[in-house]
Amino acid sequence: MHTDARTIVNNSLIEGDICIVGAGAAGISMALDWIDTSHKVILLEGGGFDYDDAVQDLFKGETTGQQYYPLKSCRLHYFGGTTGHWAGMCSPFDNIDFVKRDWVPHSGWPISREDLDPFYARAQRKLQLGPYEYDFDYWANELPNLNPFPLDEAVVWNKMWQYSIARFGNLYKDPIVKAGNIHLYTYANAVDIKANDEVSSIQEITIKNHAGKTHRVRAKYFILACGAIQNARMLLASNSQAPEGLGNDHDLVGRYFMEHLEIASSELWLFKPFPTDLYSWKYGETKASAEIAITEEKQREYNILNGTAALKPLSFARNTKPRIETWQDEDPRKSLEKMFENWGKAQKDAEKENKGAVSRAYQLDTRIEQAPNPDSRVTLRPEKDELGVPRPNLHWELTELDWRSIQKIHQLIGHQMGKAGIGRIKLREFLWEENYNSWPDGTNGGWHHMGTTRMHEDPKQGVVDADCKVHGIANLFVAGSACYTTSGAPNPTLTLVALSLRLSDHVKGLVS
Amino acid sequence: MKRKQFLVLAAAGAFSATFPAVYSCSRPVEYPEALSRPQHLFSIWDPETARAVGNAYRVQHPGEAGRNRLVELLLNDLPVDSADYDASLENNIRSDFASGRTVQVKGWILSISEARQCALFALTSTN
């Protein structure tokens, strides 16, 4: 069922068994899971079914620290969320991402990769991916021409990705709207969360829209699924009963904001052409491809973070501008257009230059987890949006471990390419020094927002527990990548859908 | 020429009143051309890049900046009876990578042998 919250009587009271705040990848995945159950699910979406600039403006904020994308345009604020324009890259986290690593401060999830495996398999279906298979050997049997570089598997391995073209807004609008027990409210922006006097359980959420309507939502269980920046913002802003914000007794909400660094790091020059489709992909066509990853053993030996190197033809890469440069318009549609325009021009220019040795050369872009850093954080600004909620400030801050890990990853790949006798690696200049110096201008994030309500069994080290429940509040949960304790090497969407489905199962057990 | 060599020659009676009073210490040692020809790298570099890398290596390793020293180091690592210097050098280069005998010069991750080849090329080639 669907209701436009702008059209109902002001100060309506909406009641259900569970309330999911946010209809992006996490929220919709959970709602789908509740279809045809005996429970009434309220699904709140701040926007409508299409882009609305006034609604999108509610995401606007400021950034400090390391240059970042405009907060208004780095997420989408309508039904379907950021799946409305995502690239669809999916890969599960590795075992090492979940364990405590003594060289990575604040690492160690309270759950393991094995705990998530059954949910990864279910997430594959929601994302319309192939089978839950991410071994290179499996795909080498399934697809032609996946020839791997002849590198030492004790040092590097081929981490596989699959590619989704699912736009949740288009794909799941009908199933959600037609489901009798799922009550979708659009133009229903959560602006305040009210707890009981003891602040031990949530009583209701206040929602507003630009039509001037205010409504209240009550449920037995509440799940925040608005993305890491917005989830943290909502908890911090709901401070009428807890001055530092809900779930924030230990000043952790908003901290440990993590991105994936996606940064041009080296060049690979091959002595001879190496025919393979393993390391390239095309949107809408490729089923699976790989990036070069560093083994767990070598991560331990060198005390580095988990990351991969993606190949991009050098003649194309040289003509592209970094995304942090092209994605600076506050309108996400214009930023996307500028980015694609730059890529289109780069492709044309590349065709003229792609001769001789450069036709066998690649730019290696690192994709790497960010070391958890409590000073990288979301806070509130004094100015408020049109619905009265303080705007967010994102302070993105990186560490020496991030830099050193990137350097070591490419040095290891360089050694392996030399040992294999197939080519040479040239590091980008920001990696030439022995010690960390500074980040170059083209330091991109992946538009991946993680960690602001991190998971830990100890309430002094995490905002949510192993079941994604906010510590100290019996019926408030957070869904998605805000709960990540560490950020893993690959894109977050497959894991956030898996984690959300796990949360969904947990809440089903509670309501039953 | 080193002092020790001079004294040996004198003792052997090779000294002549017409022999230069100061024997030039930079008398070039003969060496196989392959030593200054980093073959694989020429498939991805132009000569200017090879020279630049070679000169950068010499600055990084001042003790190996001279031609004779580079030749000595490169020959020391080759089998005495090398018939195919290119093949032997290629083996050394792969062995360098396998054993971690690598250097980073102007961002390039190179085998120490091929870096020395570049240095020798920089010294002996003309623009």
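Since the model is a prediction, treat every value here as computed from it, not as a measurement.
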- Message: Tell me every residue that passes side chain to side chain contact (heavy atoms under 4.5 Å, CB included) with A/Ala290, counting only those two or more places apart in sequence or in another chain.
- Response: A/Asn158, A/Met160, A/Leu278, A/Tyr279
- Do A/Trp161 and A/Asn491 have side-chain atoms, one donor and one acceptor, less than 3.5 Å apart? yes
- Message: Regarding A/Asp97 and A/Asn95, do their side chains bring together a donor and an acceptor under 3.5 Å, going by distance alone?
- Response: no
- Query: Among A/Thr486, A/Leu305, A/Asn306, whose side chain to side chain contact (heavy atoms under 4.5 Å, CB included) with A/Ile96 holds?
  - Reply: A/Asn306
- Message: Contact between A/Asp94 and A/Trp157 at the side-chain level, heavy atoms closer than 4.5 Å - yes or no?
- Response: yes
- Is the shortest heavy-atom distance from the side chain of A/Ser280 to the side chain of A/Thr286 under 4.5 Å? no
Anything under 3.5 Å between chain A and chain B that's a donor-acceptor pair? List each one with its distance, please.
unit_1: A/Arg360; atom_1: NH2; unit_2: B/Ser43; atom_2: O; d: 2.7
unit_1: A/Gln411; atom_1: NE2; unit_2: B/Gln104; atom_2: OE1; d: 3.2
unit_1: A/His415; atom_1: NE2; unit_2: B/Thr102; atom_2: OG1; d: 3.0
unit_1: A/Lys419; atom_1: O; unit_2: B/Arg94; atom_2: NE; d: 3.4
unit_1: A/Ala420; atom_1: O; unit_2: B/Arg94; atom_2: NH2; d: 2.9
unit_1: A/Arg424; atom_1: NE; unit_2: B/Glu114; atom_2: OE1; d: 3.3
unit_1: A/Arg424; atom_1: NE; unit_2: B/Glu114; atom_2: OE2; d: 2.7
unit_1: A/Arg424; atom_1: NH2; unit_2: B/Glu114; atom_2: OE1; d: 2.9
unit_1: A/Arg424; atom_1: NH2; unit_2: B/Glu114; atom_2: OE2; d: 3.3
unit_1: A/Ile425; atom_1: O; unit_2: B/Ile109; atom_2: N; d: 2.9
unit_1: A/Leu427; atom_1: N; unit_2: B/Gly107; atom_2: O; d: 2.7
unit_1: A/Trp432; atom_1: O; unit_2: B/Gln104; atom_2: NE2; d: 3.3

- Looking at A/Gly418, A/Gly356, A/Gly414, which has the largest count of heavy-atom pairs under 4.5 Å with chain B? A/Gly418
- Query: In terms of heavy-atom proximity below 4.5 Å to chain B, should A/Ala361 be classed as side chain, backbone, both, or neither?
  - Reply: neither
- Part of A/Ile413 lying under 4.5 Å from any heavy atom of chain B: neither
- Task: Please lay out, stage by stage, how A/Arg101 and A/Glu369 fare under the test salt bridge (charged side-chain N to carboxylate O under 4.0 Å, His left out).
- Result: CA-CA 13 Å; A/Arg101 293 168 278 172; A/Glu369 63 174 321; 2.6 Å; yes
